[in-house]
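Order of listing sets the numbers, starting from 1, for every ligand and every atom in it.
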Amino acid sequence: MRSKSKKPDTLLTHAGRSPEANFGVVNPPVYHASTILHPTVAALEAAQKNRYNQVTYGRWGTPTTFAFEDAVAAVQGGYRAIAFCSGAAACYAALLAFVEQGDHVLLPDSVYGPVRGFAGGFLRRFGVEATFYDPLIGAGIADLMRERTRILYLESPGSHTFEVQDVPALVACAKARGIATLIDNTWAAPLFFKPLALGVDAEIISATKYIVGHSDAMMGVVVCGEASFARVRETASLLGNHAAPDDCYLALRGLRTAGVRMRAHEAQALALARWLAQRPEVERVLHPALPSCPGHEFWRRDFAGASGLFSIVLKRDIPKPAVDAMLDGMELFGIGASWGGFESLILPGHPERLRSARPWQDGAVVRLHAGLEDQGDLIADLERGFARLNAAR
Ligand SMILES: Cc1ncc(COP(=O)(O)O)c(C=O)c1O
């Protein structure tokens, strides 16, 4: 298929498929493999030299892995994609691919918590220093760049607080200094934002979220431009990274319906966010598609839609036990990590425990994932939650 001329929904449906090579079977089959047999030593050696393009050894990918990687690369407009066993593994490998001892990296203050820990803790042990910047800094990022800055890491919108970043302005500053840009695009992938088209070097997606879409498998993927592919691919191999073929299959199957699911999550989240914005207990709604969200203007400019994850900030005088009372009794909103599945979720966020560039001084943050349930049922569940909150105040 000539992917460049096709629209996103067509790519989601067709990319990475080859029924003609599989007896007409619509979905690529699951190939389980460690050993791959070669007819001669010469064939083995040729395959090893070409290991990222052909099936050579299970750890470097089976036909199922390659089908998933090809599909995501086509959908995101990348040169190649690399599958990982989790989104976190994808984040860490992408960071490691670009640094050596003595280097410096820049990450947004709103970065996913475990990535903050990896950069500020693990990388530090190997002599790489991390600075956390205000996610809304824009072109001001130039002032934080040093001689040894190697990576400008972005995550837009940010975890829990949803600041939308000015990606073109940040990329321009990094390019002027030859600094690599990486972005965690999990929130909007695979439908609503294509950062490689704006010059980002590599895009990281936790496929665990909307790509798998059913809360039953963990996967990550890094989508690379041509210049960054070899580095990330080699780093993934050196780390012994391997994405299981069953999970690649589930992720590829999820990708086929991600378009309709994401639009349904979008509509549901917007309806809930607007309803929540009217509640007297809510100080602010942090949803990128609403003007109350920091960086909303960049969402309007750069994104084609919004997914199902957003937060509310509660009034400052609402104490923790009242927030807990609300969350504890929810019937349809589950309390649990991750998001992007078909079900609604609710979780307390704690930016006050992490932020350093812009300390969090507002009220309690509650993150919601809008699932595919009936809207009236979800609102009734939230309404009962607010009643519990007010009774415990
Ligand atoms: C923004 C973001 N990036 C990365 C990850 C890590 O993905 P995984 O849970 O697949 O390791 C998460 C997980 O919640 C996330 O929210």
S.K.: Hey, does the Lys NZ or Arg CZ of Arg261 hover above the aromatic six-ring of Phe342, less than 6.0 Å from the centre and inside 45° of the axis?
M.R.: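 No, Arg261 and Phe342 do not form such a contact.
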S.K.: For residues 304-318, dump all side-chain donor-acceptor pairs below 3.5 Å to protein atoms at least two apart in sequence or in another chain.
M.R.:
from	atom 1	to	atom 2	distance (Å)
Ser307	OG	Trp187	O	2.8
Ser307	OG	Trp187	NE1	3.1
Ser311	OG	His160	O	2.7
Lys315	NZ	Pro280	O	2.6
Arg316	NH1	Gln361	O	2.9
Arg316	NH2	Gln361	O	3.3
Asp317	OD1	Arg393	NH2	3.2

S.K.: Could you tell me whether Phe84 and His242 have their ring centroids closer than 6.0 angstrom?
M.R.: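 For Phe84 and His242, the ring centres are not under 6.0 Å apart.
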S.K.: Would you mind writing out a table of all protein N or O atoms found under 3.5 Å from any N or O atom of ligand 1, naming both atoms and giving the distance to 0.1 Å?
M.R.:
from	atom 1	to	atom 2	distance (Å)
ligand 1	3 (N)	Asp184	OD2	2.6
ligand 1	7 (O)	Ser206	OG	3.0
ligand 1	9 (O)	Lys209	NZ	3.2
ligand 1	10 (O)	Gly87	N	2.8
ligand 1	10 (O)	Ser206	OG	2.8
ligand 1	10 (O)	Thr208	OG1	2.6
ligand 1	11 (O)	Gly87	N	3.1
ligand 1	11 (O)	Ala88	N	2.8
ligand 1	14 (O)	Lys209	NZ	2.9
ligand 1	16 (O)	Trp339	NE1	3.2

S.K.: Measure the shortest side-chain to side-chain distance between His104 and Thr131 over non-hydrogen atoms and say whether it is less than 4.5 angstrom.
M.R.: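 His104 vs Thr131: side chains touch.
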S.K.: Are the side chains of Leu107 and Arg116 in contact, using a 4.5 Å heavy-atom criterion?
M.R.: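 No - every pair of side-chain heavy atoms lies 4.5 Å or more apart.
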S.K.: Does the ring center of Phe193 lie less than 6.0 Å from the ring center of Phe303?
M.R.: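 Here the rings of Phe303 and Phe193 have centres that are less than 6.0 Å from each other.
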